[in-house]
Enquirer: 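Sending over a structure as structure tokens; questions will come in a sec.
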Amino acid sequence: MAEPDPKDSPGAATQDDGGLQGLAAELTARVPQLLEGTRSVGTGLELRSTLDRICATAAELTHARYGAIGVVDEPGDSLSDFVTHGVPDEVAHAIGRPPDGRTGLLGALIRDPVPIRLNDLSADPRSAGFPRSHPRMRTFLGVPIRVRGDVFGNLYVAEKRCGAPFDDDDLHMLSVLATEAGIAIGHVRTYEAARQRERWIDGSVAVTTALLSGGDAEDALTVVAEQARRLAGSAAGIVLLPAEEGGLEIVAGAGDQPSTSLGVIIPAHSPVVAALRRGEAVFVDDAATDPRVITRLADRFGPQMLLPLSSGGRVLGALSILRKRGERPFTESERTLATQFAAQAALALKVAETQRDRERLAVYEDRDRIARDLHDLVIQRLFATGMMLERAQRRSAVPGVQAGVGRAVDELDVTIQEIRTAIFALQQEPAEAPSGLRTRVLREINMAAVPLGFKPTHRFLGPVDSLVGELTGKNLIAALREALSNVFRHARASHVEVSVDATAVLPDGRDAVRLYVADDGVGIPDSGRRSGLRNLARRAESLGGASRYGPGEEGAGTTVVWEAPL
């Protein structure tokens with residue numbers, strides 16, 4: 001005999017308003033149990049535990065072996081989560097992936113959210129059957145859960161313990177529970193949304209503080225990537241800045257092996273880069289298969305958000321947030337919060353950039369002053385001293401005195417040439433730097449001579465300019481600048497030696513370029529910041545190389561070794 005349509009049954013009429021009017025005496029006797037169940041459902045402010053309690057309460061009220069809740073995704077055409085009760089963990093593992101709600105009875109409840117009651121699941125034409133290892137289920141009862149008028153999901157129970165079919169009383173009980181569950185879930189959602197917004201605001205504050213603290217710029221950008229990854233519950237966060245070639249370069253990352261992607265450039269012809277350059281956000285459901293994503297870095301990722309870091313109509317860079325393949329897509333709420341986070345980070349980035357420009361301008365002005373002083377005062381005095389020594393040399397009749405004064409004049413000439421080289425370096429804009437690696441290394445050495453008070457010695461091995469590529473050379477110069485900066489800020493050294501070896505070989509046999517910077521200073525203290533040394537390591541690792549440091553010869557000073565494959 002066919003089961004009557006639940007929409008025509010008396011139980012369906014009463015479930016619309018979730019009331020208890022007209023309930024049978026048997027059902028009325030179960031009201032205390034229902035009230036206790038609804039009370040337990042409304043406790044707690046964590047969504048997953050609330051769903052677990054709803055499933056357990058539904059099974060208990062209807063005397064069912066199994067209970068479940070299917071959470072409908074944002075588009076409303078499938079399930080984003082499936083919570084069960086009564087199915088042992090080992091059985092759930094054997095079943096495999098939970099249902100997606102696109103077919104079968106679960107899909108029917110999504111497409112038409114009205115109660116369904118069946119005496120035999122297998123006899124219903126909408127049933128799609130069960131996967132292997134699934135428990136035997138015959139009787140079934142399902143009702144929708146509404147949260148503020150919208151369908152949140154569906155509540156199911158199956159296999160009544162006594163073997164009888166589910167009756168009108170069970171339908172009433174489950175409908176009232178679903179109504180209470182909707183209220184409880186609404187409260188939990190409101191609380192979680194407020195907590196989520198609070199976390200994103202705290203993350204924005206942390207990013208702003210890091211960018212405006214005046215510390216290392218790369219460390220600050222890493223904070224942006226890490227905060228975005230943590231707040232979005234993602235596998236990776238990446239910050240990209242405009243590259244000279246016209247694309248976007250990965251400059252900071254957080255997640256599993258972030259350093260392996262540093263320095264990678266997404267070309268300008270990428271559809272994603274074009275959209276970001278226009279200030280448009282890009283949302284990808286599966287980065288590994290989306291045709292807009294053309295880099296192989298995305299092969300192991302799924303959902304992705306690419307957000308422009310734009311402020312005042314200017315795109316300063318981009319923020320990429322990625323989840324692993326198979327994980328749920330980003331919700332509309334997460335997309336909105338992440339977009340607001342990116343806008344705040346962009347504003348802080350712009351302010352920090354302005355702050356660094358002011359500091360850089362002050363440095364340039366100071367460098368100009370130093371250059372003028374060196375030219376107008378120091379060189380003139382040295383030149384005058386040299387003239388006086390030459391006159392004294394001519395007047396002296398003692399050969400030993402003449403030879404000694406001659407050597408002193410030669411040393412003065414060398415000193416004047418070195419000061420003129422330093423003046424040229426001080427007056428030179430960064431954009432005017434020569435392209436040859438050897439020349440760029442010499443320029444850094446000459447620039448370091450001013451704050452050090454002496455010129456570091458240098459040595460080149462192998463054809464440095466022809467063997468070392470542009471990307472590796474760029475990072476080597478940055479590593480040299482960082483190492484020399486550490487020397488004159490901390491080492492109190494009287495001698496520094498710089499060596500660039502293009503004939504080096506890595507432990508795995510690859511040809512490499514190796515940079516040595518050794519000093520005779522006080523060495524590296526046991527405590528203190530290591531941000532500069534971490535920067536050296538990150539740059540080397542991004543190219544497949546390594547960086548290390550330790551005491552110099554005879555245990556004095558510090559030796560920094562930076563190497564990368566050619």
Enquirer: What verdict does the side-chain contact (heavy atoms from CB on, under 4.5 Å) test give for D168 and R117, after you've listed the backbone C-alpha separation in whole Å, the side-chain angles of each residue and the deciding distance to 0.1 Å?
Expert: CA-CA 9 Å; D168 289 344; R117 185 174 55 181; 2.7 Å; yes

Enquirer: Salt bridge or not for R328 and D81, using N-O below 4.0 Å?
Expert: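 Salt bridge between R328 and D81, a charged N being under 4.0 Å from a carboxylate O: no.
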
Enquirer: For D120, check side-chain hydrogen bond (donor to acceptor under 3.5 Å, both in side chains) against everything at least two apart and list the hits.
Expert: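 side-chain hydrogen bond (donor to acceptor under 3.5 Å, both in side chains) list for D120, sorted by chain: S122.
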
Enquirer: When rounded to the nearest 0.5 angstrom, what distance separates CG in L536 from OH in Y549?
Expert: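 Rounded to the nearest 0.5 Å, the CG-OH separation comes to 10.5 Å.
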
Enquirer: Of all residues at least two apart in sequence or in a different chain, which pass the salt bridge (Lys or Arg N to Asp or Glu O under 4.0 Å) check with E280?
Expert: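 R278.
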
Enquirer: Are K160 and D170 close enough for a salt bridge, meaning some N to O gap below 4.0 Å?
Expert: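 Salt bridge: yes.
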
Enquirer: Taking atom CZ of R229 and atom OG of S320, what is their separation to the nearest 0.5 Å?
Expert: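 It is 13.5 Å, given to the nearest 0.5 Å.
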
Enquirer: Just verifying a value: how many Å separate L307 CG and F341 CZ, rounded to the nearest 0.5 Å?
Expert: 9.5 Å

Enquirer: How would you list, by chain and number, every residue that makes a side-chain hydrogen bond (donor to acceptor under 3.5 Å, both in side chains) with R195, sequence neighbours excluded?
Expert: E198

Enquirer: By salt bridge (Lys or Arg N to Asp or Glu O under 4.0 Å), which residues pair with R197, not counting sequence neighbours?
Expert: none

Enquirer: Can you tell me how far apart CG (L51) and CD1 (I145) are? Round to the nearest 0.5 Å.
Expert: 7.5 Å

Enquirer: In Å and rounded to the nearest 0.5 Å, what is the OG1 to CZ distance from T222 to R538?
Expert: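 Those atoms lie 4.5 Å apart.
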
Enquirer: What residues, two or more places apart in sequence or in another chain, satisfy side-chain hydrogen bond (donor to acceptor under 3.5 Å, both in side chains) together with R97?
Expert: none

Enquirer: I'd like to check the side-chain hydrogen bond (donor to acceptor under 3.5 Å, both in side chains) partners of N475; sequence neighbours left out, ordered by chain and number.
Expert: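 With sequence neighbours excluded, N475 shows a side-chain hydrogen bond (donor to acceptor under 3.5 Å, both in side chains) to R539, given in chain and number order.
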
